[in-house]
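FYI, side chains are in, hydrogens and waters are out, and symmetry mates aren't considered; it's all heavy atoms of this structure.
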Amino acid sequence: MRKVIILLFILSIAGEVFSQATDYLKSDFHQERRAAVREKMPANSVAVFFSNPVRNRANDVEYIYHQDPNFYYLTGHKEPHSILLIFKDKQQVESSSYDEIIFVRVRDALKELYNGSRLGKEGARSKLAINAAFEGPDFLKYNLNFTKFDKVLFYDFNNDVRDFEEKGDLYELIASFKQKVNYDQSTSLNPEPVKNNLDMQMLDQIMNELRGIKEPEELQLIRKAVNISAAGQAEVMRAMKPGMSETEIQGIHEFIFKKYRAEYEGYPSIVGAGHNGCVLHYIDNYKPDIEDGELILMDLGAEYHGYTADVTRTIPVNGKFTIEQKLIYDLVYEAQEAAWKICKPGTKFTDLYAATADVINNGLVELGLYKSSDPKDIVNADTGRNRYYPHGCCHHIGLDVHDKGEYDVLEENMVITIEPGIYISKDSPAPQKWWDIPVRIEDDFLITKDGCELLSDMAPRTSDEIEALMKETSPFEGIVLPDIDGK
Ligand code: GLY
Ligand code: MN
Ligand code: MN
């Protein structure tokens with residue numbers, strides 16, 4: 001009996017470890033995605049994808065590496081200095097054939113001692129399930145005749161790739177590829193481009209079509225990322241007090257992300273109190289003492305196994321909206337509800353925006369902040385945008401926060417944000433009582449067969465629900481750290 005209990009215990013631990021390991025995308029997911037690309041490629045073509053470059057932060061320190069989302073989608077490979085080729089048709093080499101080939105980093109004991117193990121070509125074969133797997137330097141010698149293809153599909157280069165002076169690094173892979181396809185003859189810099197088979201547009205269209213519609217495995221990871229992000233918002237609502245800093249609030253969100261084992265933030269976190277909330281992509285997050293009476297706008301997304309959420313909440317720092325803050329908040333909420341109501345397959349992205357703008361513009365006319373809903377009374381001549389609602393309302397999320405996808409009509413299994421906002425800065429012509437009221441409410445929605453599902457419902461959305469949650473106690477209240485300045 002004792003043995004059985006011990007065994008059950010071991011199995012439950014193993015089950016736990018196993019269940020953690022299994023929520024990564026599996027190699028057959030990526031294999032199917034490569035097949036889906038191949039299916040959409042034109043006759044007699046090859047598609048070429050490069051891994052993201054390693055970017056330098058300062059001196060000998062690099063930024064945390066993040067794989068190119070297309071490359072990750074198609075391989076699951078998280079390492080730099082790699083190139084993937086997908087062929088429409090099988091390539092025959094003597095007695096064997098292949099329709100995809102990858103070149104990855106050479107293994108290096110010393111570098112792996114510092115930076116962790118590399119997959120190498122054997123690992124690429126077994127873990128990525130790409131049988132034709134070789135090392136970077138092999139690509140330099142790879143004798144493929146690119147002129148035989150009707151089309152060579154790839155993304156044009158950003159020219160921000162450093163030379164690591166390593167055999168087969170990304171710098172060399174790109175240089176070698178350019179030489180193999182006669183790239184320099186084809187760029188816009190050349191006044192008389194030669195007629196060629198290079199296509200730097202079609203691949204993006206293919207990736208938009210594929211990545212915009214999420215597979216079940218992707219939806220599972222997106223749900224997790226969204227739940228984590230919404231849980232972070234709810235926890236901050238409990239913890240928020242005047243006198244805290246923007247940095248500290250960002251820290252609580254990101255602590256929750258890590259506590260739930262999200263690896264990263266999907267984009268730089270935005271935590272702006274008072275006037276700072278009026279800067280749409282404010283990322284300084286350094287106001288030391290958030291003031292009683294201010295609103296704080298928090299736009300954060302956890303990235304879980306590559307997939308990111310994008311959730312914004314705006315809350316009163318002291319737990320209670322002022323009359324003006326509540327009027328603006330409820331108007332933004334109403335705008336979001338209006339778009340949610342029509343969010344289903346067949347609706348256009350432009351319809352979603354129109355639904356939010358309609359509510360906001362008319363509401364601001366009623367509040368006397370716009371003279372009328374005529375564009376001349378709404379558009380700020382300096383920016384050319386709607387003065388108080390200057391951004392769009394919706395975008396795909398996924399491996400990118402502004403994810404690849406088509407932006408015409410909603411389809412089942414798209415995942416999008418609806419994020420109306422009103423930002424009344426102290427520099428605006430509004431009467432003073434409205435100054436520095438920034439409100440954005442951003443939620444993530446899965447388009448279903450005949451409607452849509454709100455994914456980010458773990459964070460309250462209405463002004464009343466927010467005020468109620470802010471009265472609850474927080475586990476962060478009891479944290480007192482030693483004084484380090486007077487030590
Ligand atoms: N977090 C950026 C955006 O909402 O689009
Ligand atoms: Mn967004
Ligand atoms: Mn956002």
Does the pair [X]/[Y] count as a salt bridge with the N-to-O cut at 4.0 Å?
X	Y	result
Lys111	Glu166	yes
Glu412	Lys449	no
Glu135	Lys167	no
Glu112	Arg105	no
Lys78	Glu263	no
Lys214	Asp403	yes
Arg238	Glu235	yes
Arg211	Asp400	yes
Asp160	Arg55	yes
Arg162	Glu62	yes

Check: Any side-chain donor-acceptor pair under 3.5 Å between Gln250 and Glu246?
Finding: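 No - no donor-acceptor pair under 3.5 Å links their side chains.
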Please name the pair of heavy atoms, one in [X] and one in [Y], separated by the smallest distance, quoted to 0.1 Å.
X	Y	answer
Ile283	Pro268	CG2-CB, 3.7 Å
Tyr65	Pro80	OH-CA, 3.3 Å
Tyr329	Ile466	OH-CD1, 3.2 Å
Leu203	Ala47	CD1-CB, 3.9 Å
Ala338	Val359	CB-CG2, 3.8 Å

Under 4.5 Å between any side-chain heavy atoms of [X] and [Y], yes or no?
X	Y	answer
Val236	Arg313	no
Glu442	Ser456	no
Tyr286	Asn276	no
Val332	Arg440	no
Leu410	Leu352	yes

task: Using the ring of Phe476 (Phe, Tyr or Trp, six-membered ring only), decide whether Lys241 places NZ or CZ under 6.0 Å from its centre and within 45 degrees of its axis.
output: no
* To do: Mark yes or no: Lys180 above the aromatic ring of Tyr142, with NZ or CZ under 6.0 Å from the six-membered ring centre and no more than 45 degrees from the axis.
  => no
Using the ring centroid of each side chain, check whether [X] and [Y] are separated by less than 6.0 Å.
X	Y	answer
His253	Phe255	no
Phe146	Phe177	yes
Tyr423	His391	yes
His396	Tyr407	yes
Phe103	His81	no
Phe71	Tyr155	no

**Message:** Quick check for you: to the nearest 0.5 Å, what is the distance between Asp443 atom CG and Ser229 atom OG?
**Reply:**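 If we round to the nearest 0.5 Å, Asp443:CG and Ser229:OG are 11.0 Å apart.
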Should the heavy atoms of other residues, nucleotides or ligands under 6.0 Å from [atom1] of [X] be counted, would the total exceed 12?
X	atom1	result
Glu39	CD	no
Gln220	CD	no
Glu477	CD	yes
Ile64	CD1	no

